[in-house]
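Both counts, for ligands and for their atoms, begin at 1 and track the order of listing.
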Amino acid sequence: MTITPEVAAAIQQFRLPDKLGFGAVNAPVMFSAEWQDGKWGPGQLLPYGPIPVLPGARALQYGELVFEGLKAYRVGQSRPNLFRADANCRRMQQSASRLSMAPVPDELFFGALEAVVRACETFIPSQSGQSLYLRPFVFGTESGYLLRNSTTFRFMVIANPVEAYASGTPSVAIERHDVRAAVGGVGAAKTAANYAASLRGSTAAVARGHAVALWLDAASHRYVQELSGMNFFAVIDGELHTPALDSAILPGVTRDSVITLARHLGYTVHERQMDIDELLTQIGSGRCSETFACGTAAIIMPISALADSDNLHKTRQINVVASRLREALLAIQERRAPDPFNWVRVIP
Ligand SMILES: Cc1ncc(COP(=O)(O)O)c(C=O)c1O
């Protein structure tokens, strides 16, 4: 893909700061392609910066937007690699399908990712746990209030050199009141509406000193769904349990990787309905020894306790199984270990 003088200048001027955080530092380039007259244009690399969007654009008025999150790694390697990008590509197509938006075909998705990663190659941070976070997204650009899909879309990829998302062993707050996603709704799609629905609960959880909210099903407020940006696991009697997917839970790529890897390491993994009160009882009795969350950003986040209002339910161990799985997964992602599942794709 052509590197224009403006893009080359933006790359040349960029300096990687010492402190990266997660999303605080923007890579100096971005990809943009447009859908018009029923087809995608070829797209181009641009310097990172503001974009023209009509105030009436359907993405702004009705949340007609789907996105993805994945990482490029370059730890101790000269060529960067992606991790299960095909799964993110498929999920963005499924998310677009749920909102009946124009899907981004595989070639355009991978072409855009590879163009951005190659342009950013020299400053992909290279310590273990660090990476270049990639955020592909598609949004409806047509202005108007009619409740139907936009006829024009924009597909973009922006990127951020990042540290691993969270550190420490935080508690999470069970959200008993608000609902994030209902069966039949858009919970399984990675779309803005789900995050909007979770903001009040998540903000309140953070204000009370917890990392994030843990969501329950919309119909009975009884069964665990997931966290605002991660899937949930519990270790019960030495076996792994995670909520079974339904149309209200995001099918996490990390969740699927953890299930596959855990089985490979000899763990029994159950995907089932998980009653929150039963889980709290099992934490109390010690049968549930540990809980953790997982997602691309944090990889695996050990959880120290589930907070139910002011009651803190602490597990008897923290980060034992979680750290074993995290290290096994990260070693594959960073190409420090063999990749028996063919998950890693080196960018040529
Ligand atoms: C709501 C939600 N659940 C789960 C996940 C984990 O998904 P993945 O492992 O694909 O990053 C994410 C992160 O993208 C998320 O936003």
Cationic N near anionic O, under 4.0 Å, [X] to [Y]:
| X | Y | result |
| --- | --- | --- |
| R90 | D86 | yes |
| D310 | R208 | no |
| E68 | R91 | yes |
| R222 | D277 | no |
| R336 | E327 | yes |

Numbering the atoms of ligand 1 from 1, which are under 4.0 Å from a heavy atom of N231?
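Listed by number with element, the hits are 4 (C), 6 (C).
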
Could you list which atoms of ligand 1 come closer than 4.0 Å to a heavy atom of R91?
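Result: 7 (O), 8 (P), 10 (O).
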
Check against side-chain hydrogen bond (donor to acceptor under 3.5 Å, both in side chains), E142 and T152:
CA-CA 6 Å; E142 188 191 353; T152 55; 5.2 Å; no

Is the closest heavy atom of S198 to ligand 1 under 4.0 Å?
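Heavy atoms of S198 never come under 4.0 Å of ligand 1.
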
Under 4.0 angstrom from ligand 1, any heavy atom of K190?
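Right, K190 reaches ligand 1.
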
Check whether the ring centres of F67 and Y195 lie less than 6.0 Å apart, and answer yes or no.
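Yes, the ring centres sit under 6.0 Å apart.
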
Centroid-centroid under 6.0 Å between F232 and F292 rings:
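Judged by ring-centre distance (under 6.0 Å), F232 and F292 do not meet the cut-off.
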
What I want to know is whether [X] and ligand 1 share at least one N or O pair that is separated by under 3.5 angstrom.
| X | value |
| --- | --- |
| T254 | yes |
| N88 | no |
| E226 | yes |

Ligand 1 contact on [X] by region, counting heavy-atom pairs under 4.0 Å:
| X | answer |
| --- | --- |
| A297 | neither |
| L250 | side chain |
| R180 | side chain |

Starting from [atom], locate the nearest protein heavy atom and write down its residue, its atom name and how far away it is, to 0.1 Å.
| atom | result |
| --- | --- |
| atom 16 (O) of ligand 1 | Y195 OH, 2.4 Å |
| atom 7 (O) of ligand 1 | G252 CA, 3.4 Å |
| atom 11 (O) of ligand 1 | T296 OG1, 2.6 Å |

Tell me which one of L54, L65, V53 satisfies side chain to side chain contact (heavy atoms under 4.5 Å, CB included) with L60.
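Result for side chain to side chain contact (heavy atoms under 4.5 Å, CB included) with L60: V53.
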
Given G229, G187, C294, G295, which has its nearest heavy atom closest to atom 13 (C) of ligand 1?
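Nearest heavy atom to atom 13 (C) of ligand 1 lies in G229.
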
